[in-house]
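Keep in mind the model is a prediction, meaning the values are calculated, not measured. Both ligands and their constituent atoms are indexed starting at 1 by order of listing.
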Amino acid sequence: MKKEYNELRKTIENSKTILITGHIDPDGDAVGSTLAMYNYISKLNKYIDIILLKLPITFSYLHNFDKIKTNEINLKKEYDLLIVFDCGDNKRINFNIDNYIFKKIVVIDHHKTHEDFGNLTILDYKSPSTCEIVYDILKSFKYDIDLQIAECLYTGMLTDTGSFKNSNVIPTSFLVAYELIKIGVNPNRISRLALDIITLNKLELIKYTYANLEIINNNIAYLYINKDILDKYDDDENIHEGLVNYGKNIEGIEVSIFIRQLDESLYKASMRSTDKVDVAIISKKYNGGGHTAAAGFEYNGNLEDIKNNLIKDVQSQL
Ligand SMILES: [Mn+2]
């Protein structure tokens, strides 16, 4: 791994213009890892841009959040380097890279279903978050991580591990968290800002979730929310984030399935599992991706079909 870190370091050194991005519908790990690297590179005397379309305001407490471009208007047409974080395949890059020229593309990711698309890929699918990899990278650079970067990294680690509770957590996650807290990260503050505080609209969606959650065969939880309801309560890009977990935390449930309607016949399915079912395998079947315990995909077609197919897929593993 060290060899790739060195190559990354040299690539950054040799690049005058750099663009940073993450995956579509950026979450805490995508925002945290991109901003951590942005904050690091912005001290190196380079021309640097960062772009995340559909950026959730939840993470606005992070340093230089206001520097993130949320549209392509002021991007250059050509960059020496594009660094893509937390993105499992080229279909999930946050914006359409076809309209730009990049001399080199570096990808830093932790998705089990990763499909290579860069000139240099730093992949560790055992790592619970991309932020944990970025911590490792900055440490290998002998970089003195400051509080601003530490808060970015802690945010991604916290959100991708469900507050260090998910099955993806590894011992080093706690060691890294320990180091970040020593630097000055306040776990209570970040936890409240990133995850705990909810808007009144989110409260309405949680009420809807509890009222409409379907339990199938006592081991699968299913939730569907249509576009009208999502639009009604849409006060942030990631308002739906975490709703899938309400199903997962019910006694006996092995897999929680959450489907939200994006358009007339376009749906986004998210799955969370305990440890019996590998949802990455299921999501791969539908051209999606993810991790063993958390995965998802987009589906164009009939809602009842996808619901029934997913239930069959889950049951075949139980
Ligand atoms: Mn991630």
Below 2.8 Å, can you find an N, O or S atom of Asp27 next to the Mn ion (ligand 1)?
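Under 2.8 Å: Asp27 has no N, O or S contact with the Mn ion (ligand 1).
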
Tell me whether the Mn ion (ligand 1) has His23 as a neighbour, meaning an N, O or S atom of it below 2.8 Å.
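Short answer: no, not a single N, O or S atom is under the cut-off.
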
Considering only N, O or S atoms, which atom of Asp160 is nearest to the Mn ion (ligand 1)?
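Of all N, O or S atoms belonging to Asp160, OD2 is the one nearest the Mn ion (ligand 1).
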
Check all N, O or S atoms of Asp29 and name the one closest to the Mn ion (ligand 1).
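In Asp29, the heteroatom (N, O or S) nearest the Mn ion (ligand 1) is OD2.
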
Vertex the Mn ion (ligand 1), arms to Asp86 OD1 and His110 NE2, rounded to 10°
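If I round to 10°, I get 80°.
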
Walk me through whether Ile281 and Lys284 qualify under side-chain contact (heavy atoms from CB on, under 4.5 Å).
CA-CA 5 Å; Ile281 293 174; Lys284 193 86 192 162; 5.7 Å; no

Salt-bridge contact Lys16-Asp80 (side-chain N to carboxylate O under 4.0 Å)
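No.
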
Over 60° means perpendicular and under 30° means parallel, so tell me whether His240 and Phe258 are parallel, tilted or perpendicular.
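Ring orientation, 0 to 90° scale: tilted.
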
When you compare the side chains of Glu132 and Ser173, does any donor N or O come within less than 3.5 Å of an acceptor on the partner?
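Short answer, yes.
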
Apply side-chain contact (heavy atoms from CB on, under 4.5 Å) to residues Thr113 and Ser283 and explain how you reach the verdict.
CA-CA 9 Å; Thr113 52; Ser283 120; 5.6 Å; no

